[in-house]
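Keep in mind that the numbers below use all heavy atoms, side chains included, and drop hydrogens, waters and symmetry copies.
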Amino acid sequence: MRRTGPLRIGAAVAVLVVAAGCGDEAAVSTTTGGPQFPSVAVDAWLDALDGRDFETVATLVEPIGASIVLAVENGLGDEPLAELIESGWSDELIESFWRSFADEFPLFAGFDLSEVAVGRHVPLDDASGEYAVVQVGSGPDSGWVVTRRAGNGAWQVDLLATLGGAFVPLVFDRVDDLGEGPAVDLIVDAIRTSALESLDAAAVAYPEDVRLVTEIARIRQLIGSG
């Protein structure tokens, strides 16, 4: 079925099964440079995925939202999630997660990564922070990816914002299942300062999704964030 709307990358994430070993390996961090335009970030992300250059892929994705996505999809507990947020992803985890993503992409999209064309971007003026949606597609199939400007000025793919309403109920369930202790305090702080901003941007990108707005409000109520 041909469609126009959000790129359904959530279908790829849903089938990922990774060994969530944060371990003692050195984490790959975002470099100080990076794409200066949203469309360039998405184009570079797709090219790196297609070329199986997963270290580069990791630098082109907003890390906190991606860590929450990985944790929710793979049932990670509070301590492993806190470690992902605080210390970053190990090389092994980067390789496993993004290789699965790239390998599964044609199965849900119906076309290869190399066939995806990247179009113009549209700023999300009503979002907190700097966000933009980037048009992507292959032939009649079209959609978009949400991007976010990092503190160093570079643009990154915001995986959590792109998943939007398809993923936010799972985020609510994970937040509702949080325990207590320092790890949970770190997770809640990351949600307040970063993840909720991504979800708010998703609500701007997908204004017709009433459930998204409702679930964001429920998350705020759980963590006491106004």
Side-chain angles (χ1 to χ4, degrees), residues 3 5-23 25 27-31 34-35 38-76 80-81 84-85 88-118 133-138 141-148 150 154-168 170-171 174 195 198-199 202 205:
R3 67 184 186 280
L7 183 65
R8 300 295 183 182
I9 64 175
V13 176
V15 299
L16 296 180
V17 179
V18 300
C22 301
E25 297 181 53
V28 176
S29 60
T30 304
T31 60
S39 56
V40 174
V42 174
D43 194 40
W45 177 63
L46 291 168
D47 281 349
L49 280 169
D50 189 37
R52 301 310 195 260
D53 180 2
F54 302 120
E55 182 175 342
T56 296
V57 169
T59 70
L60 294 166
V61 177
E62 189 282 313
I64 291 178
S67 294
I68 291 172
V69 169
L70 183 151
V72 168
E73 287 296 336
N74 294 277
L76 299 194
L81 174 54
L84 288 180
I85 292 171
W89 297 20
S90 68
D91 293 343
E92 181 181 8
L93 189 56
I94 288 171
E95 169 78 18
S96 179
F97 183 88
W98 289 113
R99 181 173 295 281
S100 295
F101 189 104
D103 289 347
E104 295 291 343
F105 185 91
L107 299 181
F108 76 84
F111 46 84
D112 292 333
L113 281 162
S114 61
E115 299 176 49
V116 182
V118 177
V133 292
V134 178
Q135 297 175 343
V136 294
S138 177
D141 288 321
S142 62
W144 55 79
V145 171
V146 181
T147 59
R148 177 178 186 168
W155 286 87
Q156 296 177 310
V157 171
D158 192 319
L159 193 62
L160 183 59
T162 302
L163 291 173
F167 203 76
V168 69
L170 301 178
V171 176
R174 181 64 188 86
S198 295
L199 293 174

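To the nearest 0.5 Å, the span separating CG on Leu113 from CZ on Arg52 amounts to 6.5 Å. Separating the CZ atom in Phe54 from the CG atom in Leu49 is a distance of 7.0 Å, to the nearest 0.5 Å. A distance of 5.0 Å separates CG in Leu70 from CZ in Phe97, rounded to the nearest 0.5 Å. Here Phe101 contributes atom CZ and Leu159 contributes atom CG; the two are 6.5 Å apart, rounded to the nearest 0.5 Å. In this structure, CD1 on Ile64 lies 8.5 Å from OG on Ser198, to the nearest 0.5 angstrom. Taking CG of Leu199 as the reference point, atom CD1 of Ile68 lies at 7.5 Å (rounded to 0.5 Å).
A distance-only check finds no donor-acceptor pair linking the side chain of Arg174 to the backbone of Val69 [under 3.5 Å]. Between the side chain of Gln156 and the backbone N or O of Asp158, no donor-acceptor pair lies under 3.5 Å. Within the 3.5 Å criterion, the main-chain N or O of Ser39 finds no donor-acceptor partner in the side chain of Asp43. With hydrogens and angles ignored, the 3.5 Å screen pairs no side-chain donor or acceptor of Ser96 with any backbone N or O of Glu92.
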Under the criterion side chain to side chain contact (heavy atoms under 4.5 Å, CB included), I'd like the reasoning laid out for Leu46 against Val145: C-alpha separation, chi angles, the key distance, then a yes or no.
CA-CA 11 Å; Leu46 291 168; Val145 171; over 6 Å; no
Stepwise side chain to side chain contact (heavy atoms under 4.5 Å, CB included) check, Asp50 with Glu115
CA-CA 10 Å; Asp50 189 37; Glu115 299 176 49; over 6 Å; no
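Nearest heavy-atom pair, Ala161 versus Ala202, reported as atom, atom and distance to 0.1 Å: O-CB, 3.3 Å. The nearest pair of heavy atoms linking Ala205 to Trp144 is O-CZ2, 4.1 Å. Residues Val118 and Val42 come closest through the heavy atom pair CG2-CG1, 4.1 Å. In terms of heavy-atom proximity, Leu160 sits nearest to Phe167 at CD1-CD2, 4.0 Å. Taking all atoms of both residues into account, the shortest heavy-atom contact from Val61 to Val57 is CG2-O, 3.4 Å. Residue Ser67 comes nearest to Leu81 through the heavy atom pair O-CD1, 3.7 Å, listed as atom of the first residue, atom of the second, then distance.
Between Trp98 and Trp89, the two ring planes are parallel [angle under 30°; tilted spans 30° to 60°].
Residues Val157 and Leu60 are not in side-chain contact: their nearest non-hydrogen atoms beyond the backbone lie 4.5 Å or more apart.
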